[in-house]
Structures are given as C-alpha cells and as structure tokens.
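Report on the structure given below.
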Amino acid sequence: MDPRSRPWRSVLYIPGSKARALEKARGLEADAIIFDLEDAVAVEEKARARDLLVRTLAEGGYGRRAKIVRINGFETPWGGDDIAALGGAEIDAVLIPKVGSAQDVEAVAREIPGVALWAMIESPQGVLNAAAIAAHPRMQGFVMGTNDLAKDLGMRFRPDRLPLMHALQAALMAARAEGIVCIDGVFNAYLDEEGLATECEQGRDMGFDGKTLIHPAQLACANRAFAPSEAEIDLARRQIAAFDAAEAEGLGVAVVDGKIVENLHIVTARQTLAKAEAIAVMEQGQETA
Ligand SMILES: CC(C)(COP(=O)(O)OP(=O)(O)OC[C@H]1O[C@@H](n2cnc3c(N)ncnc32)[C@H](O)[C@@H]1OP(=O)(O)O)[C@@H](O)C(=O)NCCC(=O)NCCSC(=O)C[C@H](O)C(=O)O
Ligand SMILES: [Mg+2]
C-alpha cells in the first residue's frame, strides 16, 4: 500500500514500557502509533520494554492504526537487540532515531529486510542530508524531532517556531521530492490546547501530513487540523465540476469564487477528496475494531 494514501493526521508516541498506555491505545482515535523504545524509555527499562512491546504487538488489536516502532540507535547498547526482537513482528515500519545520513539507514536496512523504514530528522546532519536520506529505497516517512533539533541548535522555543523553520522546510522539501510521508514534531505542553491548535494549524499550512503527539488529549485537535474541512471538501467538489464543464466547452481554465482553476488545482482537489475518503474509512475501521 502506498503510505501516502492513508491518513497520518495523528501519530501518537507510546513509551514501550507503559503497559496501561499500550492497552489504552487500542481504543484511541490515532491514525498511527509510534511504539517507542528510545527516549521515552529509561535505560534500566530498555530490555523489559522491548519484551513487553513484542508481546503486545503479537496480541494485536490496533485495527487500522499504522504500527511503527522507534528503535534505539545502532550506536547504543540496545539498537541491535531491538532489531533482532522485531524480526517477524506485525508492524508497518521501523523508525530510526537521530538519522544523520543515508548510510545510517542502510545499516538498519541490512539487519531487517522487507520492513519499511522511517527516519527521525532531528539533527543538523539529518537536515543537511535529508535529500539523500529520503532517497533511500526503503525510506517511507520522516518524523521531525523538534526537541533534539532545539538541543543541537541551541535555539529557544517560540510559538511561531521561527528558529525551526529552515529545518522543518528542508525535511519537508526532501520528503516531497521523494513522495514519502512527513510528520511534524511534538508539542510538549500537552495540556495547552490553544498552543497545540496553533502549532497544528501551522504544520498543516506548511504541508505536513500530520503531527506527532505525546498524550491522548492531543488527538482530537490533530485529527481536526490535518483533515480537510467541510469548506475545503465543498470547494474541491465545485472546482472539479467547474473544470469538467470548462473542459467540455474546450476551455483549459475555469473560475470558482473569483479564482482561476487549472489542471494543477484539480490535482489538489482530487487529493483533498481522496484524503477525506481515506479518513472516513479509517474512522469506520476504528468504530468497528
Ligand atoms: C506526558 C506523560 C508522561 C503524561 O503521563 P500521565 O501523567 O500518566 O498522563 P495522564 O494521567 O494524563 O494519562 C491519562 C490516561 O492516558 C494514558 N496515556 C498517557 N499518555 C499516553 C500515550 N502517550 N499513549 C496512550 N495512552 C496514554 C494513561 O495511561 C492514562 O490512562 P488511564 O489509566 O486509562 O486513565 C505521558 O503521556 C507520556 O509518557 N507520553 C509519551 C511521552 C513520549 O512518548 N515521549 C517520547 C516521544 S517525544 C520525542 O522523543 C520527540 C523527538 O524525539 C524529539 O526529539 O522531539
Ligand atoms: Mg528525539
């Protein structure tokens, strides 16, 4: 399945060590789950979390939600064991942390054949090499690691995320050039609904497919922000109808709401309708799961 043809509005991190959260996620309205073995799991919990996660994945119950596992880096004492434990697990992708180059991806690809790979873009090297990383044949998605980026850049967090703009856009550009998924970073103040809504809106405006989240309270906001609105769906339908009518008259341009509509706008309009349809299918699956 083309990974871009499914919804990625809400991508929820769950620490692999937290049994209650792993259980709860089976009923949460997340489009995707990142089962985390890396930064959300304390050093002394690494082995227990890995075992718990493998057992949990074998039990299943996550319905249509995409299942992505964030492993520890290969340079750590746990990365190799994480990969070995995941062989044969029913997952949609392995997410590699702190990817700096295409060689980092290749090192994991060699150890786990046949599984889609995603990369955390969260270091200056990762941003600078984003195009080569996106071009790896097994690469299917990027996740922005804005906390690690902030650490490495020495930047301060601001509501407008101006210090992160270059990194966010460079990664997004590289992802789009290769047709892979690109998910925005987390919003740390997980109980600040207004702040999250502002950041989701900005991420959607920029072109991200969705947002990574750290708490169930953030799901509804991201699902709303990254779904086509009723007005967008209505406009898409009217654009397609107007363009079809124009074409029937031998014209290459239509006008809707005082704005021109050409072939390229129809591509966007069709993508909007396809996304709305994919979301409806996802939500139906969650109700019946
Ligand atoms: C942030 C938290 C530590 C808050 O935990 P807690 O105080 O326990 O939350 P609540 O009591 O409000 O929880 C209410 C119920 O929701 C469940 N829950 C909480 N979080 C999750 C979750 N992520 N997924 C599923 N379910 C969750 C609780 O179990 C409660 O359930 P119930 O018992 O039924 O009431 C905590 O939310 C948390 O640990 N979040 C995840 C943190 C995380 O994963 N961090 C790593 C990823 S962020 C990152 O690394 C980004 C990147 O690399 C970068 O560089 O930027
Ligand atoms: Mg990180």
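Start at 1 and go down the list; that is how both ligands and their atoms are numbered. On a predicted model such as this, the values are computed, not experimentally measured, just so you know.
Residue-ligand proximity, E122 to ligand 1, at heavy-atom distances under 4.0 Å covers atoms 52 (C), 53 (O), 54 (C), 55 (O).
Under the 4.0 angstrom criterion for non-hydrogen atoms, P216 is in contact with ligand 1. For P15, the heavy-atom gap to ligand 1 drops under 4.0 angstrom.
Side-chain contact between E277 and L273: absent, with no pair of heavy atoms (C-beta onward) separated by less than 4.5 Å.
Regarding atom 15 (C) of ligand 1, its nearest protein heavy-atom neighbour is K24 CE, 3.8 Å.
V69 pairs in a side chain to side chain contact (heavy atoms under 4.5 Å, CB included) with only one of the listed residues (L57, I33, D82, I83), which is L57.
The two residues R176 and C182 have their closest heavy-atom pair at NH1-N, 4.0 Å. When all heavy atoms of P228 and A276 are compared, the pair lying nearest together is CG-N, 4.0 Å.
Put simply, E38 stays out of reach of the Mg ion (ligand 2), with no N, O or S atom under 2.8 Å from it. Checking E122 against the Mg ion (ligand 2), an N/O/S atom falls under the 2.8 Å cut-off.
No other N/O/S atom of D148 lies as close to the Mg ion (ligand 2) as OD2 does.
Between the choices E23, K98, R70, R20, the shortest heavy-atom distance to atom 52 (C) of ligand 1 belongs to R70. The residue from G27, G16, A40, A30 that puts a heavy atom closest to atom 45 (N) of ligand 1 is A40. Considering only non-hydrogen atoms, atom 3 (C) of ligand 1 lies nearest to K18 out of K18, H215, E38.
Here the two rings, on F142 and F208, have centers that are 6.0 Å apart or farther.
Side-chain atoms of D152 and S123 include no donor-acceptor pair closer than 3.5 Å.
Put simply, atom 11 (O) of ligand 1 has no protein non-hydrogen atoms near it, under 4.0 Å away.
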